[in-house]
Amino acid sequence: MQFLKMDDFDVRGKTVLVRTDLNSPMDENNEIIDNIRIRRHSETIRELAERGAKVVVMAHQGRAGDSDLIRLDKHAEALSKHVQKNVVYVDDLFGTHAKNSIKKLCDGDIILLENVRFNAEETARKENQHEAHMVRELAPLIDYYVNDAFAAAHRSHVSLVGFPEVVPSFAGRVLQKELEILSKVSKAPERPSVFAAGGSKIDDTMKVVEQMLDADACDKIITSGLVGLVFLVARGEDVGDTTYNTLVKKKADLEIPRAKRLLARYGSRIEMPIDIAICVNGKRIEMPVSTLPTDFPILDIGDRTIRRYTRILEEAATVVCNGPAGMFEKKGFEKGTHELLKAMHECRAFTVLGGGHLALAAEQMNLLDKVAHVSTGGGAYILFMAGERLPAVDALVNSAQKRAPLIVRSKYNNHVNKSE
Ligand code: 3PG
């Protein structure tokens, strides 16, 4: 992918707007929970500050109408801790206070602007995003725009696709690394390659399964979670009314025809649970798939399935995983998710995990730094793996093409000289 990177620019003395994705889970007291997004973006921000840039950070939190659409003062505190430098929170996005704060920055200073989603135009504007008020007000004040927000790259929001139209733009470290690793494992993985397809984002996950099999980028798919149940139903198993109704509620039943097609074409490559764990009066009870149906909810894979999948993982050279094996948040039903994560950590394969829930489970098990790559993305990760284009990445590619003649050598490989 031909976009410019942080090594291509000398940022000393320049005002750099960095779009990050600090969208974070909240605890019961409505406090943000520290997470890999904040930690990873801190490294990009620290590098820009250390290289002498005047750093203006932009981010979103929550969605309109949701209780987690909040100010970013707590995010600034968390960033300060990880950047190890004061990140000043500015409670304005592109008004006089924000603009004056940007103009007053010295080399190495860092500010965090207000939640971009407080501005309705951010998500509402569907075309000519570069003409939005935010871009018109801020673009004249910045030299470069850095997109580091891989986790939001599937959105064509103003702050993600508007600035690259009018300002020299490049990818931050987080975005660059995500695209490099995920491109490699989705297109040219070391073999044998295993995709552990779990979780409940069923339509997107089924697209990834299809894409990986059609592109011959995967030798085995091990299914669990709702994905595993959809394949079991597609094979003709009766999972029972309770579980089937859950599939209908989550619109997972709509994926049964696709699962049937995939089984007909690639049956030997698709592994399904051989036993499952049901919840009986809050307790975990395991049963073989051959004894289905059951009226109790199916919340995890069973021990025999865990052992079978573990053996497949032990043989793999590449493992891509996108969702938990069961309802790991519920006591007693974390076993499948935890055991598969443990197997992924212990196997020799290059392992990539993605999706917020799985990253959380890996964090609970203290495995975050022990697998090769944990993606910061949820929807963006799944869509990218499914071969879909990411509008924010396309915007960077277009920006690089537009500015290609302006690239001249500098002490950092290449340097885009804005004054030319
Ligand atoms: C995410 O959490 O997946 C990203 O921050 C995007 O958030 P969104 O789904 O609210 O656009």
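First listed ligand is number 1; within each ligand, the first listed atom is number 1.
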Query raised in the report: Under a 4.0 Å N-O cut-off, is there an ion pair linking Arg173 with Glu43?
Result: no
Query raised in the report: Between Asp148 and Arg37, is there a salt bridge with N-O shorter than 4.0 Å?
Result: no
Report summary line: The answer, listing residues by chain and number that come under 4.0 Å of ligand 1 through any heavy atom, is Asp21, Asn23, Arg37, His60, Arg63, Arg117, Ala151, Arg155
Requested in this report: Take Phe170 and Phe3, measure what ring-ring contact (aromatic ring centres under 6.0 Å, His included) needs, and give me the verdict at the end.
Outcome: CA-CA 7 Å; Phe170 50 100; Phe3 48 78; over 10 Å; no
Query raised in the report: Would you say His357 has more than 12 foreign heavy atoms packed within less than 6.0 Å of its NE2?
Result: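 No, because the 6.0 Å sphere around NE2 of His357 holds 12 heavy atoms or fewer from other groups.
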Query raised in the report: side chain to side chain contact (heavy atoms under 4.5 Å, CB included) with Ile111: which of Val57, Val87, Ile102?
Result: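 It is Ile102; the other options fail the test.
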Query raised in the report: Is the cationic atom of Lys330 (NZ for Lys, CZ for Arg) positioned less than 6.0 Å from the six-membered ring centroid of Phe328 and within 45 degrees of its normal?
Result: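 Relative to the ring axis of Phe328, which defines the angle, Lys330 lies outside at least one limit.
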